[in-house]
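Only heavy atoms go into these numbers, but all of them, side chains included; no hydrogens, no water, no symmetry mates. No experiment lies behind these values; they were computed from the predicted model shown.
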Amino acid sequence: MVRDLKQLVKAYDVRGVVPDQWDESLAYAFGAAFVEVIGGNAVVVGHDMRPSSPSLSRAFAEGAASRGADVVEIGLCSTDQLYYASGSLDLPGAMFTASHNPAQYNGIKLCRAGAAPVGQDTGLADIRELVESWLDEDGKVHVPASDAATGALSAKETLDGYAAHLLKLVDLTAIRPLKVAVDAGNGMGGHTVPTVFAGLPLDVVPMYFELDGTFPNHEANPLDPANLVDLQAKVREVGADIGLAFDGDADRCFVIDENGDPVSPSAITALVAEREIARAQAAGEAQPTIIHNLITSWTVPEVVRDRGGVPVRTRVGHSFIKQEMAVTDAVFGGEHSAHYYFRDFWRADTGMLAALHVLAALGGQDRPLSALTEQYNRYAASGEINSTVADQAAATEKVRAAYAGQDGVTVDELDGLTVAGPDWWFNLRASNTEPLLRLNAEAKDPAKMAELRDGVLAIVRA
């Protein structure tokens with residue numbers, strides 16, 4: 001097999017089809033390379049429920065041990081549970097998951113000690129190059145022997161500690177009773193939710209909690225509206241106060257209101273930002289910083305400023321969010337994709353902690369969720385719309401020419417092309433991995449948003 005590791009090693013993680021693109025021999029090599037590049041005397045390794053995850057995870061552990069590192073295996077876990085282990089044990093970590101991808105995929109999310117991210121610019125490219133140097137022309141792996149004494153493998157249970165840590169950060173003991181429908185999508189939410197929610201005043205209606213990496217009910221990707229249909233129906237059927245949908249590795253959480261309508265991740269970002277600003281101010285922090293990527297709603301920075309916080313805008317992507325959080329000591333960060341980052345969780349993303357904040361906010365007052373979140377719906381939004389475009393740069397330039405130069409219009413290129421007027425904006429970004437342009441548009445007036453959306457798409461798709 002001829003292996004192209006540039007196809008396997010993405011911007012932030014390793015991800016590909018098993019066994020076509022990678023297998024246990026490569027996982028072993030990645031384990032050895034991870035220790036050589038990142039260093040340290042020990043690492044923590046966990047995995048999701050995919051059929052290939054246990055063997056790949058063990059091969060990585062053995063590769064890491066071959067370089068002298070002691071390996072703490074935490075077994076089945078969510079990605080944010082692995083971040084908890086990395087943070088609480090102060091060890092580099094590796095999580096075997098392909099998140100929301102179909103069953104034949106698997107991957108590795110890597111972090112340094114304290115859950116600090118490992119991406120292309122922070123070690124991942126070096127790991128890939130080292131593994132490439134161990135491949136022969138037929139793609140077979142030849143990891144050279146090491147002088148280091150082989151490290152020890154040990155098992156550790158972290159689920160209870162993970163749950164306890166989260167519940168120290170959000171107090172739900174005094175909330176009113178809530179009926180909560182939870183769609184785990186046969187992913188790791190089925191593993192974490194029962195422990196985290198145990199003993200809380202919550203009547204949980206479980207959906208697809210059976211761990212099954214073949215995803216027999218629907219893809220574990222709540223970003224696709226088709227995968228929320230079952231949860232929306234269940235919320236209406238049982239009269240739930242709220243619905244929660246987790247992705248495959250349970251690091252993202254999507255929220256459904258009591259009417260069965262999705263609550264936008266921007267609204268959740270604004271709601272949690274309010275709570276984290278208030279908590280930081282109560283602890284003596286005058287102007288807490290909140291990070292948001294540039295395609296979250298304008299509502300987010302408005303709410304942050306209204307509450308006495310400082311909004312900071314970043315590029316899309318967890319490495320940019322985490323880097324900016326470290327630089328600014330931000331208390332919280334949110335993305336349009338339902339990734340939520342917390343300073344008190346080692347700046348890592350955890351959908352579960354965001355869900356607990358929403359439950360605390362909902363249960364701490366008497367209004368339904370739709371009324372609670374209405375204040376965060378200040379703009380009409382298009383959502384992300386993808387267009388297949390052969391020449392992304394040329395299409396983007398045509399859009400720039402059509403809109404730039406108008407009175408009151410600003411243009412910036414922090415991440416793709418962002419064009420803004422007095423009460424509207426749109427962003428056009430090229431995909432890193434596919435021939436796609438992604439459009440997000442927003443305006444105070446729904447008719448203006450539709451006009452913007454349709455006008456940009458007409459140029460892009462011409």
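Side-chain contact check for Asn427 and Asp415: no donor-acceptor pair (N or O, by modelled atom type) lies under 3.5 Å. A side-chain N or O of Thr79 and one of Asp249 form a donor-acceptor pair less than 3.5 Å apart. Side-chain atoms of Glu335 and Tyr341 form a donor-acceptor pair, as typed in the model, at a separation below 3.5 Å. For Asn106 and Ser53, the side-chain atoms include at least one donor-acceptor pair closer than 3.5 Å. Residues Ser387 and Arg461 bring a donor and an acceptor atom of their side chains to less than 3.5 Å of each other.
A 4.5 Å side-chain heavy-atom check between Leu135 and Leu5 finds at least one atom pair inside the cut-off. The closest side-chain heavy-atom distance from Tyr28 to Val141 is not below 4.5 Å. Looking only at side-chain heavy atoms (C-beta outward), Glu219 and His100 stay at 4.5 Å or farther from each other.
With Tyr83 as the aromatic partner, Lys322 meets the cation-pi criteria of under 6.0 angstrom to the ring centre and within 45 degrees of the ring axis.
Paired with Val37 under the rule side chain to side chain contact (heavy atoms under 4.5 Å, CB included), one option of Val131, Leu110, Leu130 passes, and it is Leu130.
Using a 4.0 Å cut-off between a side-chain N of Lys or Arg and a carboxylate O of Asp or Glu, Arg343 and Glu276 do not qualify as a salt bridge. Note on Asp251 versus Lys109: salt bridge recorded, some NZ/NE/NH1/NH2 to OD/OE distance being below 4.0 Å.
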